[in-house]
Amino acid sequence: MKTATLGPAQRAEALARMAERELDILVVGGGVVGAGTALDAATRGLTTGLVEARDWASGTSSRSSKLIHGGLRYLEMLDFALVREALKERGLLLERLAPHLVKPVPFLYPLQHKGWERWYAGSGVALYDAMSVSSGHGRGLPVHRHLSQRRALRVAPCLKKEALVGALQYYDAQMDDARFVMTLVRTAAAYGAQVANRARVVGFLREGERVVGARVQDVEAGGEYEIRARQIVNATGVWTDDTQALIGERGQFHVRASKGIHLVVPKDRIHSTTGLILRTEKSVLFVIPWGRHWIIGTTDTDWDLDKAHPAASSADIDYLLEHVNSVLATPLTRDDVEGVYAGLRPLLAGESDATSKLSREHTVAHPVPGLVVVAGGKYTTYRVMAKDAVDEAVHALDQRVAECVTEDVPLVGAEGYKALWNARARTAARTGLHVARVEHLLNRYGSRAEELLELVVADPSLGEPLAAADDYLRAEVVYACTHEGARHLDDVLTRRTRISIETFDRGTRSAREVAELMAPALGWDTDRVEKEIAHYEKRVEAERESQRQPDDLTADAARLGAPDIVPS
């Protein structure tokens with residue numbers, strides 16, 4: 001595996017190489033499914049390209065609940081196959097594929113009825129644990145336990161005493177979703193895939209009824225490329241129908257967007273040593289540990305407005321606060337909310353009852369020769385979706401192609417991570433960084449943390465934390481540009497780091513320091529630095545304004561008041 005570096009030079013080279021000769025597979029869409037598909041294809045020995053219109057994971061895949069989970073509530077729907085599949089994937093990620101990125105997280109489920117509820121919920125959680133172990137990859141997580149009311153309040157003192165008669169505690173897993181996708185892309189590139197973000201498909205090439213390639217616009221440098229491929233995989237999530245429309249063919253299914261919003265609050269606002277999972281009238285509500293913060297979510301409402309920038313309205317925020325406050329002894333207020341983000345789930349909406357039932361399932365179709373479409377599903381099962389998409393594409397290739405091997409392909413940073421974790425105190429002594437800083441780097445970059453430490457050795461000022469976001473080192477900003485494909489200030493503050501949702505100022509106080517760190521790596525002059533800062537500040541103000549609006553329509557209009565740094 002070659003070194004996976006996604007800098008400006010590698011991006012330009014990738015676009016040029018994709019246009020030079022016909023690829024076996026061109027993947028459109030740089031979310032978790034598209035990135036996973038590119039990795040699957042590249043590791044089967046296929047010449048592979050991956051293009052994304054905006055930044056890696058800039059859509060749904062950076063705006064999730066940040067959980068890798070089996071979907072406990074799907075057991076109640078008797079969807080055993082989906083739960084079993086997801087639990088296997090959870091175990092693979094924890095144990096083998098990405099132990100540096102995916103971590104166990106405990107959840108407390110408060111019981112509100114004596115007797116029957118403990119039996120009913122306990123049976124479900126016991127089955128969940130049993131299915132995890134039976135998958136062959138679930139022994140790394142503690143099993144569930146039953147708690148009395150007193151013990152539950154000791155674990156989660158934040159809860160009102162009258163909100164529970166007892167509780168269950170069980171484990172799932174979590175990750176930084178945008179970082180995970182970017183790592184998938186780096187891994188695909190390391191195995192030979194040519195990858196480029198800010199590269200928009202504006203049309204498809206046809207020969208008769210067959211799709212034989214795509215016209216791709218470089219939205220950064222200008223210019224257009226014709227990229228030919230024997231098979232194209234459309235993995236554009238909520239944009240599936242829009243991408244499909246470029247070939248002028250009616251799809252076999254449609255993708256409906258469902259909006260989910262999340263709030264981020266500081267750790268000290270909720271006194272608990274465990275996450276919470278609460279029932280609502282529609283679904284479930286999670287309170288998820290997130291470093292020095294909590295993530296609270298989510299909602300589930302239809303969305304048919306702007307897909308690039310779904311907006312959270314005042315009503316959405318009130319809904320989450322009302323539901324979480326129903327169990328908290330000390331209620332949260334608007335003043336406690338550091339960050340808000342909204343994302344769109346791609347749900348399948350078929351033209352018949354048979355396909356509309358799929359919802360959180362995924363499907364793969366071959367609507368016209370040369371084009372495969374994959375849609376639906378959930379983040380946790382991205383690898384299965386990718387496998388199914390490549391399997392479908394391979395059927396149309398006139399050659400023998402190896403089977404999927406991604407079950408055994410660790411992501412960049414996984415190899416050597418555990419050994420470096422064991423040696424973290426030694427690394428701290430060697431570098432002069434506090435051991436907590438070393439742990440932070442290892443849990444974000446795995447064994448590639450050594451590359452960041454080399455930056456600090458070369459320039460000790462990069463070992464200092466950012467002034468207004470001291471969870472992150474200055475080196476991480478530079479590394480995001482040189483190795484992780486960041487092209488704009490928004491990419492770093494929103495996705496390579498999470499400063500935009502982890503600070504009350506939403507990253508505006510960090511904007512200048514970060515932009516000035518990015519400038520040498522990306523060749524920015526003073527005017528460009530000022531433009532990036534001004535754009536980011538306008539984006540934050542537009543988001544704040546949208547969150548003051550009463551409904552989706554007015555929130556969407558307010559959010560669209562800030563134009564993209566690179567026009568669509």
Side-chain angles (χ1 to χ4, degrees), residues 64-67 103-110 147 149-164 167 169 171-177 179 261-278 284-298 312 314 316-341 434-441 443-444 465-473 476 493-494 497-510 540 543-544 547:
S64 73
S65 297
K66 322 218 181 300
L67 293 177
K103 304 294 179 182
V105 60
F107 286 103
L108 191 78
Y109 176 69
L147 302 178
Q149 183 192 57
R150 180 181 296 178
R151 288 182 67 197
L153 290 171
R154 201 176 299 150
V155 170
C158 61
L159 295 173
K160 295 176 183 174
K161 188 175 180 181
E162 61 270 23
L164 71 165
Q169 189 176 45
Y171 279 77
D172 257 317
Q174 70 175 161
M175 45 71 221
D176 181 331
D177 47 8
R179 173 150 296 281
I261 83 143
H262 295 79
L263 310 180
V264 182
V265 302
K267 195 77 166 181
D268 63 4
R269 302 306 198 270
I270 299 175
H271 299 291
S272 179
T273 60
T274 178
L276 305 173
I277 178 172
L278 312 169
V284 294
L285 184 75
F286 287 103
V287 179
I288 306 161
W290 179 255
R292 294 200 289 175
H293 319 268
W294 297 95
I295 293 175
I296 302 168
T298 180
S314 181
D316 292 326
I317 295 169
D318 288 342
Y319 171 87
L320 289 182
L321 289 176
E322 178 188 344
H323 279 78
V324 76
N325 284 339
S326 70
V327 300
L328 294 181
T330 304
L332 298 172
T333 70
R334 286 287 187 109
D335 291 339
D336 295 315
V337 177
E338 289 175 291
V340 182
Y341 64 94
H434 192 282
V435 69
R437 294 285 183 194
V438 176
E439 290 175 353
H440 162 88
L441 294 177
N443 284 331
R444 283 170 55 75
L466 294 170
D470 63 0
D471 278 351
Y472 300 96
L473 298 181
E476 295 183 71
L493 291 174
T494 307
T497 70
R498 291 316 188 121
I499 294 170
S500 67
I501 59 171
E502 293 175 347
T503 57
F504 280 104
D505 61 86
R506 309 279 174 97
T508 54
R509 288 175 57 218
S510 299
V540 170
E543 286 183 349
R544 287 189 186 277
Q547 291 154 20

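Given the structure is predicted, the values throughout are model-derived calculations rather than measurements. Throughout, residue positions are numbered sequentially from 1 according to the sequence presented.
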Distance, nearest 0.5 Å, that separates CD of Gln169 from CD1 of Ile277: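 These two atoms lie 12.5 Å from each other.
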Point-to-point distance, once rounded to the nearest 0.5 Å, from CG of Leu466 to CZ of Arg509: 11.5 Å
Crowding at NZ, Lys267 (>12 non-hydrogen neighbours, <6.0 Å): yes
Criterion side-chain contact (heavy atoms from CB on, under 4.5 Å) against His293, the qualifying member of Thr503, Asp471, Ile501: Asp471
Leu153/Leu164 under side chain to side chain contact (heavy atoms under 4.5 Å, CB included): CA gap, chis, key distance, verdict: CA-CA 9 Å; Leu153 290 171; Leu164 71 165; 3.9 Å; yes
Derivation and outcome, side chain to side chain contact (heavy atoms under 4.5 Å, CB included), residues Ser65 and Ile288: CA-CA 8 Å; Ser65 297; Ile288 306 161; 4.1 Å; yes
Aromatic ring pairing Tyr472/His440, orientation class (parallel under 30°, perpendicular over 60°, tilted between): perpendicular
Side-chain donor-acceptor contact under 3.5 Å, Gln174 with Trp290: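 Side-chain D/A pair, Gln174 to Trp290: absent.
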Arg444 and Thr497: side chain donor to acceptor below 3.5 Å: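 Per modelled atom types, Arg444 and Thr497 side chains form no pair under 3.5 Å.
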Partners passing side-chain hydrogen bond (donor to acceptor under 3.5 Å, both in side chains) against Lys103 (at least two apart in sequence or in another chain):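 Residues passing side-chain hydrogen bond (donor to acceptor under 3.5 Å, both in side chains) with Lys103: Tyr417, Asn443.
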Short side-chain to backbone donor-acceptor contact, Asp177 and Lys66, under 3.5 Å: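 No, the answer is negative, given that no donor and acceptor are paired below the 3.5 Å cut-off.
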N/O donor-acceptor pair under 3.5 Å between Glu322 side chain and Tyr319 backbone: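 Here the side-chain-to-backbone pair does not exist.
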Ion pair Asp470/Arg292, N-O distance below 4.0 Å: yes
